[in-house]
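Ligands are counted one by one from 1 in listed order, and the atoms in each one are counted from 1 as well.
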Amino acid sequence: MLKKNLVKAFSEQVNAEYYSAYLYLVMSAYADRAGFKGAANWLFVQVQEETAHGTHMYRHILERGADPAFADIKTPPSNFRGIKDIFDKVLEHERLVTERINNLASLALRENDHASYNFIMWYVNEQTEEEAGVGDILAKIALADKNPGLLFTLDAELGNRTFVDPFPRTQAD
Ligand SMILES: [Fe+2]
Ligand SMILES: [Fe+2]
């Protein structure tokens, strides 16, 4: 059985993951309309990943015999100033998520809930990957400053990203 404060913290994180998905959906629309179809694709893969995270955490609450709590998902900002601004904000957002995940891990340890701690460790590693991946994209955007043609190469690269379900589940699960 999951302790009350962990049910609350995990439920809030489910909401935060769905907010992330919604934020990336807004960003994907912006990139699409700005002609960066590859970046729009990359961001849409983020939408699917964040949705998978939210659902995975929701299942953790249920599997531990508790009722998840639901709340409004706030409206993400939509006032972007180009593709660099988008990825700056992705990095900024992912850093905040990393902080939330670390807080969740600390809480699980404080409550001596090693199953939850083990569960959240996957996200600790995931956040390292997320921040590194976005950092790489921002480094390439910085290179395109002197050579704008590189932006098209980068966009094509971002267009190749495909969604791989991190938690595939069969009917029998
Ligand atoms: Fe996430
Ligand atoms: Fe993320």
(request) Take His60 and Phe167 through the ring-ring contact (aromatic ring centres under 6.0 Å, His included) test and state the conclusion after the steps. (result) CA-CA 12 Å; His60 178 68; Phe167 316 110; over 10 Å; no

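- Scanning all heavy atoms of the two residues, the minimum distance from Trp42 to Val134 falls at CH2-CG2, 3.9 Å.
- Among the backbone and side-chain atoms of Glu94, an N, O or S atom lies under 2.8 Å from the Fe ion (ligand 2).
- The minimum distance between the Fe ion (ligand 1) and any N, O or S atom of His53 involves atom ND1.
- The residues Lys84 and Asp88 are annotated as salt-bridged, a charged nitrogen and a carboxylate oxygen being separated by less than 4.0 angstrom.
- Looking only at atom types and distance, the side chain of Thr51 has no donor-acceptor partner in the side chain of Tyr22 under 3.5 Å away.
- Distance check for Glu130 against the Fe ion (ligand 2): an N/O/S atom falls below 2.8 Å.
- Shortest distance from the Fe ion (ligand 2) to Glu50 is reached at OE2 (N/O/S atoms only).
- Tyr24 has its side chain out of reach of Val45: every pair of non-hydrogen atoms, C-beta onward, lies at least 4.5 Å apart.
- Here Glu17 does not reach the Fe ion (ligand 2): none of its N/O/S atoms is less than 2.8 Å from the metal.
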